[in-house]
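The next block holds one structure in the form of structure tokens; read it before the comments.
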Amino acid sequence: MKRHGLLSFFKNYSYSMIILVDVDSFYVSAERIFRPDLEGKPVVVLSANDGNIIARSKEAKKLKIRMGQPTFELGGVVKQHKVEIISTNFTPYGDVSGRLMRILNQFIEKIEIYSIDEAFLDVTGYERIYTDLVAFGHQIRKTIKQWVGLPVSIGIVPKETLAKVASWYAKKQPNYNGVFELREADRIQQALADFPCLEVWDIGHQYNQLLKKNGIETAYALTQCHDVWIQKHMTIEGLRLVDELRGNTRRPVQQYPAPKKSILTSPCFGTPVDDLKTLQEGLNTHVVRCGEKLRRQQSAACLVTVYLQTNPFRADQPQYFNSQATALPHPSSATPELLQYAIGVLNAIYKPGYKLKRVGVMLSGFVPHDYQKPTLFNDVSDPRLRAVSQTADKLNAKYGRDKIRFASQGYSVHWKPRSKFLSRRYTTRWSEILRAQ
DNA sequence: TCTGGGGTCCTAGGACCC
DNA sequence: TCTGGGGTCCTAGGACCC
């Protein structure tokens, strides 16, 4: 075991500070903006297909409803405690998230949008303007509550890995009013000593079990482990994170998101599907969606992977999982081409007699969309196909998703995901806007 | 009856090359 | 008949995140 004295341990925590803003129970809070009657009640938001719980209000957490818990397990608790159940509705959540991020950007120019409900604000260099970061944190919190109606927690830290620690304390200890700062070495050390490993960023249940077996229960204990041991059991990524906890390195705030390296669309069917024609329709729709995402980031794909899956929870039914990739003859971002190759793969891996729960498509091997590799036969994508796809994108953006469709998408609805408890898209559909009495 | 969707990175092992 | 080292690329699988 490697031991660090306090001085060497935290010597690298110099002035460079980051603020993490994260929304409390984001999906629930987003619903509450338009449904103030949900305030103070136990509320859960379900995954696509209404399968699992993906967000819980504070009150629902108290009822021991777990993250990711299957909806059907809820049963009695719902009736007994009048739990409000809401199907997920990503369009308004995305819209609310955009508003939140724009507000944060008004405060600080350099922000990293880490997820739909979290952002890092790099306040290095702002020390003259905001001498008291805790007061600044409260100001951000108040503004967001007033302008978008979202409750947020705020962690003020010198390293991103510490952000989750600070935000954990901010939520846990009501007397801090949602804002917690970790800056001085001894305070950081104290915070890590009381911080369970499982709560550390990048430590999940597997690693937590492993650490527990070795007597490592807290983040502080983790910082005292030997580098070689950490890298052996938790890869180089694990070592990086421990090094940041020790204060040795700092991941920079990344203002501009890197383009995605793969794009995936693979929602479950609402009801199982076993015939090829319906599968093809489903796959077509997923490929169309993938193509839209691909063009949005100005990439072209070289590889199309299709996979099929039965319901792995149904041990009583025959299982089938298969996936296959095909390399495109040239990079493409044109939906008609992507469709053609994806369907080819589907036909190759389809086997009748299985109740399939999912057909998915993944695009990968990206190059910039205007990249043209010279080849012997000058085999490039027909530019007209891309132009058609882009025109469809523009029209769909203006008039609504799937207003312009590719013929092969079909109109069958029985495979579409379920969502029984849908709320309205208050902010993005005129027809669903809230009316004042 | 009913168990999410979309991503990331790393590692090991095999195929293949010179 | 026996024998090598170094490199790349790909895939599968496992861990993690929200």
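Every chain is numbered from 1 and lettered A, B, ... according to where its sequence line falls, protein lines coming before strand lines. The basis for the numbers below is simple: all heavy atoms, side chains too, and nothing from hydrogens, waters or symmetry mates.
Place Ala48(A) and Ile263(A) on DNA chain B by their nearest nucleotides, and Ala48(A) ends up nearer the 5' end. Positionally, the nearest nucleotide of DNA chain B for Arg314(A) lies more toward the 5' end than for the other of Glu237(A) and Arg314(A).
Residue contacts shown for Arg289(A) are absent, as no nucleic acid heavy atom lies under 4.0 Å away. Among the protein residues, Leu46(A) comes within range of no part of the nucleic acid, since none of its heavy atoms lies under 4.0 Å from any strand. Looking at heavy-atom distances under 4.0 Å, Ser115(A) makes contact with sugar-phosphate atoms alone, never a base. Counting any heavy atom pair closer than 4.0 Å across all strands shown, Arg66(A) reaches no nucleic acid atom. Residue Glu118(A) is in sugar-phosphate contact alone, with no base atom involved, counting any heavy-atom pair closer than 4.0 Å across all strands shown. Residue-level contact check: Thr88(A) touches neither bases nor backbone, having no heavy atom under 4.0 Å from any strand. Using a 4.0 Å heavy-atom criterion, one finds that Lys232(A) contacts no nucleic acid atom at all.
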Check residues 355-364 of chain A and write down every donor-acceptor pair under 3.5 Å in which the side-chain atom is one partner and the other belongs to a residue at least two apart or another chain.
| unit_1 | atom_1 | unit_2 | atom_2 | d |
| --- | --- | --- | --- | --- |
| Arg358(A) | NE | Gln309(A) | OE1 | 3.0 |
| Arg358(A) | NH1 | Ser266(A) | O | 2.5 |

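Within residues 201-210 of chain A, the residues approached by DNA chain C to less than 4.0 Å at the level of any non-hydrogen atom are Trp201(A), Asp202(A), Ile203(A), Gly204(A), His205(A), Gln206(A), Tyr207(A), in residue-number order. Taking every heavy atom of residues 304-312 of chain A and every atom of DNA chain B, pairs under 4.0 Å involve Asn311(A), by number.
Heavy atoms from other residues, nucleotides or ligands lying under 6.0 Å from CD of Glu109(A) number 12 at most.
Screening residues 145-164 of chain A for ring-ring contact (aromatic ring centres under 6.0 Å, His included), with sequence neighbours left out, gives no hits.
To the nearest 0.5 Å, atom CD of residue Gln106(A) and atom CD1 of residue Ile140(A) are 12.0 Å apart.
Looking only at atom types and distance, the side chain of Glu59(A) has no donor-acceptor partner in the side chain of His81(A) under 3.5 Å away. At a cut-off of 3.5 Å, with distance as the only test, no side-chain donor of Thr249(A) or Glu244(A) sits close to an acceptor on the other residue.
For the P atoms, the distance linking dT3(B) with dC18(C) amounts to 25 Å, nearest Å.
Ser57(A) places a side-chain N or O within donor-acceptor distance of the main-chain N or O of Ala60(A), the cut-off being under 3.5 Å. Side-chain N or O atoms of Tyr341(A) include none that pairs as donor or acceptor with a backbone N or O of Pro329(A) at under 3.5 Å.
For Phe321(A) and Tyr354(A), the ring centers sit 6.0 Å or farther from each other.
For the pair Trp229(A)/Asn214(A), a side-chain contact is recorded, criterion being any heavy-atom separation below 4.5 Å from C-beta on. A heavy-atom distance below 4.5 Å is not found between the side chains of Val152(A) and Asp22(A).
A parallel orientation is assigned to the rings of His286(A) and Phe269(A), their planes being inclined by less than 30° (bins at 30° and 60°).
With Thr335(A) as reference, Arg295(A) is the one residue of Arg386(A), Arg295(A), Glu292(A) to meet the side-chain hydrogen bond (donor to acceptor under 3.5 Å, both in side chains) rule.
Pairing each heavy atom of Ser87(A) with each of Tyr93(A), the nearest pair is O-OH, 4.0 Å.
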Dot-bracket for DNA chain B, 5' to 3', Watson-Crick and G-U pairs with both distances under 3.5 Å, [ ] for crossing pairs, | for partner on another strand, reads ....||||||||||||||
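Extent of DNA chain C lying under 4.0 Å from chain A heavy atoms, first and last nucleotide in 5' to 3' order, is dA15(C) to dC18(C).
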